[in-house]
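Only one structure is covered here, and it is reproduced in the block below.
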Amino acid sequence: MSVPGSKHRSFLWKLASEAMLERGFEPEFSPSVMAAIDAMQDTAPEAGPDVRDTRELPWCSIDNDDSRDLDQLTVAEPMANGDIRIMVAIADVTTRVTDGSAPDRHARINTTSVYTPARIFSMLPERLSTDLTSLNPGVDRLAFVVEAEILANGEVGSSSVYRALVHNHAQLAYPSVGAWLEGKGEIPVAAKAVPALAENLRLQDRAARIIEDFRHEQGALTFAPIEVKAHLRDETVHELILDIPNRARGLIENFMIVANGVVARFLADHGFPVVRRVIESPERWERIVDIASHLGTQLPEQPDARALQAFLTRRRAADPLRFPDLSLSIIKLLGRGQYVANFPGRSVDGHFALAVDDYTHSTAPNRRYPDVITQRLVRAALNGRPCPFEAAELEALALHCTEKENDAKRVERRLVKSAAALLLERRIGQLFDGVITGAGSKGTWVRTFEPPVEGRIEDDVRALDVGDTVRVKLLRADPRRGYIDFECVGHEPVRRRR
């Protein structure tokens, strides 16, 4: 089928709604949810005995250019001994979204916001996620603050979790902050307007790099993950854009990893369960070994995060242009993460890719339900109340959140493919270079380098495996099904070890 360019947006909107329903999501908010939101009052928060006033700190948000649901703010302070204290403020969502309320029931079903080219299906209604519970610039908000001392060697020293009143002094974005930190651009206007913020951002960046260096020493993996976004100009799919990692993204990622680890340890220290985020042993370590061997590195026979990180570091330096493609291959071979309810006295595997044992999700409660669960646990611990969840309920929620996260990724991938098919409809028969991203009994998939499109290789290519580079010819593009089919016309396989 061919879709007129003037109807791309409406076509993708309808397709996204259908895909949401097929995967068991509720794409629309019910009247009861909207009635509950309409009844909420926008009252000014106040500090109190259990709420500190930290509004004078130069808090800022760093997120995507188009983000409106601001979940966290960051700030840093130098310490007398040369260490750095970092602080992450996390939006207080549970004050507004009470357990069992209509908005909570909707969020519990979907468990996540779903991002598609023509429409964002928010987990919470916009009046909450982009207003009442968003850490918007220029307004006072309640937040949970995670504080941690970063020692000179990168280890986390003393830490604490508390409620606070915060004020976002500048809404910043990854591209402009990243370019400035990397010496490729001017300081963003919003940051320049706030006294001492530029200096504080430099301090945050220094802390993030110390954290990252330490994590890599512990075996955390370095990736340059490929995230593709479809850009619509007016009503038409205009191009596919790669979301490129930079220093600003690295800053936030490292701060969030520390914050999530602190929250996990805080709950465990208080005798509370933790909904941990884990990646167990890689699903296809042997194939990772094959890829490394082809590139001149021998990895151990058994999964070894430190050895893999050393290999990735060398490849990033040797071939930065193709490193994102290598990253994609390794990520696919590691397998998916999952949520696991962990209770006091029970052991649990850590997060292989992050090289951390204590890890939860707590820093995005406007868009992820596991973070709402964690926030309810933290609130109870701070208030000296018992755990608000029964063990069976928490285990069921962890499983449900894992399933819905996987469903959300399927919806998002499908819609990106549909947008890509709209872009490629007029390029049938053209040749593209790419890398194999999936291979198994259900078929073989390739991601072309330019444009960054993923599709299925139609012919029998069982000799191909993840990481092989190929040349393919575009056979067809079906926007409705999100199918893009190629024929392999040449390939360079990763040699199998003898």
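The structure displayed is predicted, hence computed values, not measured ones.
- Checked against the 6.0 Å centroid criterion, the rings of H361 and Y339 qualify as a close aromatic pair.
- Checking each of I436, L475, D485 against I457 for a side chain to side chain contact (heavy atoms under 4.5 Å, CB included) leaves exactly one that passes, namely I436.
- Between E405 and R277, at least one side-chain nitrogen of the basic residue sits less than 4.0 Å from a carboxylate oxygen of the acidic one, meeting the salt-bridge criterion.
- In summary, the side chains of T130 and D69 do not present any donor paired with an acceptor at a separation below 3.5 Å, with no hydrogens or angles considered.
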Open item on the list: Assess the residue pair T116 and E412 against the criterion (side chain to side chain donor-acceptor pair (under 3.5 Å)); give the C-alpha distance rounded to whole Å, side-chain angles, the decisive distance to 0.1 Å, and a yes or no.
Closed with: CA-CA 6 Å; T116 71; E412 291 170 349; over 6 Å; no
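- Under a 4.0 Å N-O distance rule, the pair E487/R456 does not qualify as a salt bridge.
- To the nearest 0.5 Å, atoms CZ (R9) and CZ (R119) are separated by 13.0 Å.
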Task: Criterion side chain to side chain donor-acceptor pair (under 3.5 Å) on Q298 and S293, from CA distance to verdict - done: CA-CA 5 Å; Q298 293 299 320; S293 178; 3.1 Å; yes
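- Ion pairing between a basic and an acidic side chain is recognised when a charged N comes within 4.0 Å of a carboxylate O; R287 and D468 show such pairing.
- Under the 6.0 Å distance and 45° angle rule, R247 does not count as a cation-pi partner of W180.
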Open item on the list: Checking Y369 against R108 for the side chain to side chain donor-acceptor pair (under 3.5 Å) test, could you report, in this order, the C-alpha distance in whole Å, the side-chain angles of both residues, the deciding distance, and whether it holds?
Closed with: CA-CA 7 Å; Y369 199 72; R108 187 180 283 220; 3.3 Å; yes
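- With 3.5 Å as the limit, one finds no donor-acceptor pair spanning the side chains of R265 and N260.
- Figure legend: K404 and F25 shown as a cation-pi pair, the cationic atom lying under 6.0 angstrom from the six-membered ring centre and within 45 degrees of its axis.
- No hydrogens or angles considered: nothing links the side chains of D371 and Q375 as a donor-acceptor pair under 3.5 Å.
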